[in-house]
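The chains referred to below are lettered A, B, ... by the order of the sequence lines, with proteins before strands, and numbering in each begins at 1. Because the structure is predicted, anything quoted here is derived from the model rather than measured.
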Amino acid sequence: MQETIHILQKEFDNLNPEQKRAALHTTGPALVLAGAGSGKTKVVAVRIGCLIHQGVASHQILGLTFTNKAANEMKERVHKLVGENVVVSTFHSLGAKILREAIHYLGYAKDFSIYDEDDVEKLLRALSKELFGQDAKVDLKRARSLISQAKNGLPGDSEEDLKKLYELYRKKMKEFNAVDFDDLLFLPVELFREVPDALAYYQTRWPYILVDEYQDTNQTQYEFVRLLAGSSQNLFVVGDPDQSIYSWRGASIRNILNFENDYPGAKLIYLEQNYRSTCTILNASNAVIEKNSNRYEKSLWSSGEEGEKIQIFQAMSEREEAAFVARKIEKLKREGQSLTSFVVFYRTNFQSRVFEDELVAKQIPYTIVGGTSFYQRREIKDILSYLRLVQSPTDHVAFLRIVNLPKRGLGEQFISKVAQAASENQIPIGSIDTLPFPLTPRQKEGWSCFRGAINKLHEIKATNSLANLVRAAIHETNYLVFIDQEEETKSERRENLAELIVKAEEWSDTHEGGQLSQFLEEIALVTSTDVLNPNEERLSLMTAHNSKGLEFDTVFLVGLEEDLFPHINSKKSEELIEEERRLFYVGLTRAKKQLYLSFASLRHIYGRLMPMRQSRFLQEIPHEYKKVCR
DNA sequence: TTTGCACGGGTTTTT
DNA sequence: CCCGTGCAAA
């Protein structure tokens, strides 16, 4: 105990006056405007430490972040400071947790499934057919965005057909006992509004709330936090309007700008000293972000050293660009720098391909952060769908996905008859066994094979480990035979399945008595940066969006071309361009020591070779900070 | 009724 | 370049 107080005291003494003011905040609302690299994570941790030191029980403190990585980091830092565990969770995991406890008030059951983007899209496709017939011409993308916007408190499309689809979607999701990502926040807000006792319970449970990256909260998250903070108003939020990069997902910096109105008497704290980057990098970044007209004035300063100039590289093609980066990294690595001190940022996921090829050729180990994650791979989702159906027999989308997979001669017509029979007899689609209509011999065979597998899995779930359940889902269904038929040459999918078994084993080892439902939930809520492991000697590659909250000695920001970064879709308005500029700013400010910016004159887009021009953002960096590199 | 093949259309960013 | 969809054979 004495020792931890000592550590806390020491950390506190190291803070600058403004940081101390933040760390000492106890009750009531506070807004910390924290510029890039201004030490906000540290400040938040020390502040939690101080609260605990002053007698607040650790379980009364709730931290909210956007990624699991940020959550774990904060948890660990607090633990190091005061040796206690506080609840730090992502918005979405907290929503899931609350729903697991209280969703019955809203007419769902506790073992609900969580649908990802892919599941939602499949369901919408099916529902639009059901509503409007085969050749329905509903724009599914628009429908999807209407649904999301409606749940995030934004006005959406008002077309009749889309509204109908939205209504049906909500009805079916409830019937299937499934929720989507937006529901993980939307439904808790609904719960808080409709069940005052539930709200009161959670308000008492967490009287102290902290929110990280507040500039990226959307309307529903805003409501969620506002309701939870309740009358005590012990709400401490941290954010930076210049790093707001999720407006396309409904995030609004209004939440930051209106904070003082929403929470009267809020304490305002500005953290403007940057401890991360060299002056060159910081000044260049400041110059860029100042081009935004819609902006709250703020200027970051640093007492650090000047540092090296920013290196600009012009490549002939994307191939040459990748080769340049790989070569540089190889060289710097030989000079003794760790691969974990570098990073490659790009605007869109498809750009990672060329880099992968180049890194494989040069035998540089790497990790792609984000993109299609492990759990989104087809074979993994197939097997997980078996588990989902066993866990929740009402999970219609899981049923649809696997009933004829591997191929069992159970086609579209057959499946819709099963669905009809299930709903007429009020039996969950994953439980219906004997069918009240005639089957062809082939269907009879296929159906009994499918039911046999499902029944077997239920048995194994009751008696065996999670890893054995995963094994059984793969073997009882002859899934391996099926992939061998599909593509004889590639072993990648087999390896992924083996990896899934390993993950299930590891999970059982670290979660004693853990249930299948928990495993599935964790998988649904993994965030892309979770794969980052600083102990592994690997280079990371990721989109600029994924870079938020991270820092590296040397940053390679690539593909700086007009129509790519800024992206062509953002040319519709100046606001969108300004968001691209903020994204560029986020990328720049991740760098501690060195920054390499590159672009290609020719690039393959949709497989076609296109001439490219360098990004306007490059020109926005003043000359004195740049240097052409070859 | 299911399955296999050819075609055309579409790519931001993500919990 | 990858996917889902639309059309013709089994």
inquiry  = Students often get this wrong, so: under 4.0 angstrom with heavy atoms, is A:Phe91 touching a base, only sugar-phosphate, or nothing?
reply    = nothing
ask   = Can you tell me how far P of C:dG4 sits from CD of A:Glu117, to the nearest Å?
value = 15 Å
Aromatic stack A:Trp248/B:dT13: centroid gap under 5.5 Å, interplanar angle under 30° = yes
key: Ring-face cation contact, A:Tyr246 with A:Arg249, 6.0 Å cut, 45° max   = yes
Ring geometry between A:Phe192 and A:Phe224 (parallel below 30°, tilted from 30 to 60°, perpendicular above 60°) = parallel
inquiry  = Measuring to OP1 and OP2 of B:dT3, would you say a side-chain N or O of A:Asn404 lies under 4.0 angstrom away?
reply    = yes
ask   = Is A:Lys141 touching bases, backbone alone, or none of the nucleic acid, heavy atoms closer than 4.0 Å?
value = sugar-phosphate
ask   = Counting just side-chain N and O atoms, does A:Thr543 come under 4.0 Å of either OP1 or OP2 of B:dT14?
value = yes
task = Answer yes or no: are there more than 12 heavy-atom neighbours, outside A:Gln518 itself, under 6.0 Å from its atom CD?
result = yes
request  = May I ask you to establish whether A:Arg613 and A:Phe599 are in a cation-pi arrangement, using a distance under 6.0 Å from NZ or CZ to the six-membered ring centre and at most 45° from the ring axis?
outcome  = no
Options C:dT5, B:dT3, B:dT14, nucleotide nearest the side-chain atoms of A:Asn349 = B:dT14
key: Secondary-structure string, 5' to 3', Watson-Crick or G-U under 3.5 Å, | for another-strand partners, for DNA chain B   = |||||||||......
remark   = Against the side chain of A:Gln443, the closest entry in B:dT2, B:dT14, C:dT5 is B:dT2
request  = Can you label the angle between the A:Phe450 ring and the A:Trp447 ring as parallel, tilted or perpendicular, going by 30° and 60°?
outcome  = tilted
